[in-house]
Amino acid sequence: QVQLEESGGGLVQTGGSLRLSCAAAGGVFSVYAVGWFRQAPGKELELVAQINSSGGRTIYADSVKGRFTISRDNAKNTAYLQMVSLKPEDTAVYYCKRAKYSNYDVEGPGYWGQGTQVTVSS
C-alpha cells in the first residue's frame, strides 16, 4: 500500500514563505516521478511543479516559476516544495502525487496525498 502524507501548510502573510513536505511510504520512492498540485476554491486542479525520479529535472507552472522550488531526498523518501514570495493567489490545498509506474509522469496514474492547506493573507 502506497501512502503519501503532506505537511508544512499553514497561514502566512503576503511575501512569506513555506516549505511543504511529502513523505512517502509503502513502496519504492526513488524510481517514480513526483509532482505538487494545488486546487484553489472554484478553480481546476493545477500542476505547479514536477520532478523526475533522480531529481535532476524539474518543471514549473508559469504561475510559480521563480518562486517555488521542488526537490526530493530519495534516501528519506520525501519530496519538498519550497515556496517563497507567496501571494494571495497561491492560496489553495496542495497535494503531492507519486506516479504509479516508473517512466510515467505525474499527469498519468498515481497515488495522492490528502493535501495540506496553504493560506496567504493579503
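This is a predicted model, so every value here is computed, not measured.
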side-chain contact (heavy atoms from CB on, under 4.5 Å) between V2 and R98, worked out: CA-CA 9 Å; V2 175; R98 194 215 80 179; 3.7 Å; yes
Could you tell me which residues satisfy side-chain contact (heavy atoms from CB on, under 4.5 Å) with [X], sequence neighbours excluded, listed by chain and number?
X: S21; value: S7, T78, Y80
X: Q117; value: T91, V93, T119
X: S54; value: N52
X: A40; value: K43, A92

Heavy-atom neighbours of E5 CD exceed 12 at 6.0 Å: no
Flag if over 12 foreign heavy atoms under 6.0 Å of CD, Q114: no
Any residue meeting side-chain hydrogen bond (donor to acceptor under 3.5 Å, both in side chains) with N103, in chain and number order, not counting sequence neighbours: none
Test side-chain hydrogen bond (donor to acceptor under 3.5 Å, both in side chains) applied to K87 - qualifying residues, sequence neighbours left out: none
Residue pair T116 / G9: nearest heavy atoms and the distance that separates them: OG1-N, 3.2 Å
Heavy-atom closest pair, residues S121 and Q13: OG-CA, 3.5 Å
Any donor and acceptor pair, going by atom type alone, linking the side chain of [X] with main-chain N or O of [Y] inside 3.5 Å?
X: K97; Y: V106; result: yes
X: R57; Y: S53; result: no
X: E6; Y: C96; result: yes

Gap separating the OG atom of S63 from the CD atom of E89, nearest 0.5 angstrom: 9.0 Å
Rounded distance (nearest 0.5 Å) linking atom CD of Q50 with atom CD1 of I59: 4.0 Å
Residues which pass salt bridge (charged side-chain N to carboxylate O under 4.0 Å, His left out) with K100, listed by chain and number, not counting sequence neighbours: none
Starting from [X], walk the hydrophobic network (Ile, Leu, Val, Met, Phe, Trp, Tyr; side-chain heavy atoms closer than 4.5 Å) and list everyone else you reach, by chain and number.
X: Y101; value: Y104
X: V31; value: V28, Y32
X: Y94; value: V12, L18, L20, F29, V34, W36, V48, I51, Y60, V64, F68, I70, L81, M83, L86, V118, V120

Listed once per pair and sorted, the salt bridge (charged side-chain N to carboxylate O under 4.0 Å, His left out) pairs that draw on residues 108-120, sequence neighbours left out: none
Sequence neighbours excluded - salt bridge (charged side-chain N to carboxylate O under 4.0 Å, His left out) pairs with any residue from residues 16-40: R38-E46, R38-D90
Plane angle bin for W112 and Y95 - parallel if under 30°, tilted between 30 and 60°, otherwise perpendicular: perpendicular
